[in-house]
Number of protein chains: 2
Amino acid sequence: MVTTSETPTGLSPTSPSGLQTRRPTLHDVAARAGVSKSLVSLALQGSPKVAPASREAILAAADELGYRPNRTASSLVRQRTHTIGVHILDLHNPVFAEILDGVQEAVRRNGYSTLLVTGNADPATERTEITRLLESRVEGLVLIAHRLSDEALSAIAREVPTVVVTWRTDGIAGLDSVAGDDVAGARLAVDHLVTLGHSRIAHVSGGDNRIALQRRAGYERAMADHALAPLVVDGAFTEQGGYVGAETAVGAGATALVVANDLAAIGALAALRARGLRVPDDVSVVGYDGMRLLDSLDLTTVAQPLAEMGRVAADLLIKRIDVPDTPSTHRRVETRLVARGSSGMAPTHARGRQAAEPWSSST
Amino acid sequence: MVTTSETPTGLSPTSPSGLQTRRPTLHDVAARAGVSKSLVSLALQGSPKVAPASREAILAAADELGYRPNRTASSLVRQRTHTIGVHILDLHNPVFAEILDGVQEAVRRNGYSTLLVTGNADPATERTEITRLLESRVEGLVLIAHRLSDEALSAIAREVPTVVVTWRTDGIAGLDSVAGDDVAGARLAVDHLVTLGHSRIAHVSGGDNRIALQRRAGYERAMADHALAPLVVDGAFTEQGGYVGAETAVGAGATALVVANDLAAIGALAALRARGLRVPDDVSVVGYDGMRLLDSLDLTTVAQPLAEMGRVAADLLIKRIDVPDTPSTHRRVETRLVARGSSGMAPTHARGRQAAEPWSSST
DNA sequence: CGCCTGAGTTGGAACGTTCCAATTCCGAGG
DNA sequence: CCTCGGAATTGGAACGTTCCAACTCAGGCG
């Protein structure tokens, strides 16, 4: 198509490298197509009111100039960003990636897009990154785990619809949550090991965060219900945490480990290998979370429907964006034990021991 | 501090839920503090020209109203976003998270922040997500792997400073890249296995993407140099790819596997376990990438300095943002073999075989 | 006493969109 | 030939910020 070229604006100016110096605007496109900026705006939004000929000319001009709409300007005037902010506690833990899958799926299905951000387990960067999301005027916030105080969290929830994935937020008004039942989940692990004849079942803890404490409580209650002596050793939600935790646990004579999460369970496995202990013949290991990778690693775990958690969270959030004044809902997802090769019968010499016998450092 | 309250604006309006209906603006803060919006802007930016008393009043007003600056408005008028866009091919692969660590570190050190986005290995979403970054006017783009065509890539590079991490982009002008030498890296793996007495060394490929093909080429050349018959089986950069690839490879009598990446190597391990084969007694396995997790899994791998790659990439990018017209630089990072427990001497019955002997399906 | 200076403050234009109200254009109907 | 109506198009205000130029107001100095 031939455009009359008495319009002042030619092709976009380029620097020697070919990198554009000034980005073309609606105005430039309008000048090149010989119409007003309003019509260009209309045409690019696909309005049916634009005459076919004009539309064609505008699209051609935009293409020739390499026009790229400016989202910041658009969302400023529209007062909408159609964007959901997502904070991930730790990108190194594949569990969070799996939750994110579900979030993205639901967010996109609802016509929003996501802005992803991570504090990498550092509370200070976590704060600044979330602040950044709020300043970018995201319309909702998904927190895939976080380290905020209850006050900080509720302040945020007052500002923008928010949903927390991974733990319940009962006390705090105006925000939703999606989580599994960590107490019941830890009990599943203990029950499973008891069924296999274990009594010296130790728990490698995940530190003193909320989730870790819940799982620990579940372990302790289950042990008490089975009239077994509990042993909790310090660990963390990382491979290293699992490694050192497993070392002290087997040092104390444990034949089975309930590890705080999958990543730590992988670390525990490494510690056992380093000690020359076989899994599950000498020691059984059960993880927590249910990340996909564990299938390949043949690790027994307490599994949560991760992608579904993300999906449910995003759906709750979008509902809350549409109807801001809904009471908080806290969704509980089903937790189940997935038995794999890392858990087996207790070693014969350790089986059938007296239940509440105190722990000693025998091997 | 007592503020005179004849100003028209009171506290920000809230809906029954406590969720704010209209976000306070500079104007609201100005009204409440009894000054002009210009002075509020100045004060919030920490300008020394603002009188202490005014500053205090303004800060108090902002705090009381819960004022939150609007980044979209700010970046619109400033014509700067101070934001780097980062695209990650696949969040499920921890390798990319480790590269991202380096990127974030360098980006923050230089006073920028990041906007993270993932296509989750789907080319279509990848495109829309990158488009989104461009429309948000990021000042630079880091692509931690991607599936764009060369044309698409160079079009983007013409629009915004861009750096690709993970593979070289020699042919394409105006963008930088950071990568390891995949051909040499694969050779390291083969050499290592040959030293251990292996001759039936198979390669589980990573598909037909650029990197996979490079690694495959490195394997093939190294095998030829050792006068060994190569065997390449189809795989993918995923656990499943490694699983099926390993199955066919050992079916063909391989005693050692050079697997296309770490994730696939984990899958290969699972396949061997399922077949009752011991590692490394029956079969040795070498991965590629060097993700941290492999340390716990005791897997030999060809390691790349992942975080450093990210750091170097971000530094190159920021240099290019400052000085747009610099010639492309392609940084090569050092690749080295990290020997762990998954690679060992070739089984005695397979050792010292005739080198170029054709492969058969013996076990 | 008027002028100058500089500290402190302010109005208003600009950024690139969207969208409303107003305008032009053109053919049909009276 | 004039009027009307609908389709197509347009100007301009608005979004919330930044920043420049201009202004006010003391106080010091000649």
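Below, chain A is the first sequence line, B the second, and so on; all start at residue 1.
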Check: If you pin B:Leu42 and B:Leu76 to their nearest nucleotides in DNA chain D, which one's is more 5'?
Finding: B:Leu76
Next item on the list: Return yes if a side-chain donor-acceptor contact under 3.5 Å exists between B:Arg137 and B:Thr81, otherwise no.
Entry: no
Notebook entry, point to check: Do B:Arg68 and A:Glu135 meet the salt-bridge criterion of a basic N to acidic O distance under 4.0 Å?
Noted result: no
Check: Is the phosphate of C:dG16, meaning OP1 or OP2, less than 4.0 Å from a side-chain N or O of B:Gln79?
Finding: yes
Item checked: Side chain of A:Thr25 - closest among C:dC19, C:dG16, D:dT17 -> C:dG16
Check: Given atom CG of A:Leu65 and atom C1' of C:dG16, what is their separation to the nearest angstrom?
Finding: 15 Å
Next item on the list: Let me know the distance between CG of B:Leu26 and P of C:dG11, rounded to the nearest Å.
Entry: 14 Å
Next item on the list: Taking only the side-chain nitrogens and oxygens of A:Ser41, find out if one of them lies under 4.0 Å from OP1 or OP2 of C:dT17.
Entry: no
Next item on the list: First locate atom CZ of B:Arg71, then atom NE2 of B:His82, and finally report the distance between them rounded to the nearest 0.5 Å.
Entry: 9.5 Å
Margin query: Checking contacts here: which listed nucleotide (D:dT18, C:dG16, C:dT10) is nearest the side-chain heavy atoms of B:Gln45?
Written below: D:dT18
Next item on the list: Name the nucleic acid region contacted by B:Ser54, choosing base, sugar-phosphate or nothing; use a 4.0 angstrom heavy-atom cut-off, strictly under.
Entry: sugar-phosphate
Check: Closest to the B:Ser74 side chain: C:dG16, C:dC19, D:dT17?
Finding: D:dT17
Next item on the list: Let me know the distance between CG of B:Asp28 and C1' of D:dG16, rounded to the nearest Å.
Entry: 10 Å
Next item on the list: Check the distance between D:dT18's C1' and B:Arg80's CZ and give it to me in whole angstrom.
Entry: 15 Å
Item checked: Atom-pair distance (NZ on A:Lys37; P on D:dG12), nearest Å -> 9 Å
Check: Taking it one step at a time, do A:Leu316 and A:Arg331 satisfy side chain to side chain contact (heavy atoms under 4.5 Å, CB included)?
Finding: CA-CA 9 Å; A:Leu316 282 179; A:Arg331 275 277 223 289; 3.9 Å; yes
Notebook entry, point to check: Separation of A:Leu39 atom CG from D:dG12 atom P, in whole Å?
Noted result: 17 Å
Check: So does A:Lys49 reach the base of D:dG6 with its side chain, donor to acceptor, closer than 3.5 Å?
Finding: no
Check: Ion pair present between B:Asp28 and B:Arg23, side-chain N to carboxylate O less than 4.0 angstrom?
Finding: no
Next item on the list: Answer yes or no: side-chain N or O of B:Ser38 and base N or O of C:dG11 forming a donor-acceptor pair under 3.5 Å.
Entry: yes
Note to self: Could you tell me how far apart B:Arg55 (CZ) and C:dG8 (C1') are, to the nearest whole angstrom?
What the structure shows: 12 Å
Next item on the list: Specify the separation, in whole Å, of atom CZ of B:Arg22 and atom P of D:dA14.
Entry: 14 Å
Check: Under 4.0 Å between a side-chain N or O of A:Ser36 and OP1 or OP2 of D:dT9?
Finding: no
Notebook entry, point to check: Taking for each residue the nucleotide of DNA chain C with the nearest heavy atom, is it B:Arg137 or B:Pro48 whose nucleotide lies nearer the 5' end?
Noted result: B:Pro48
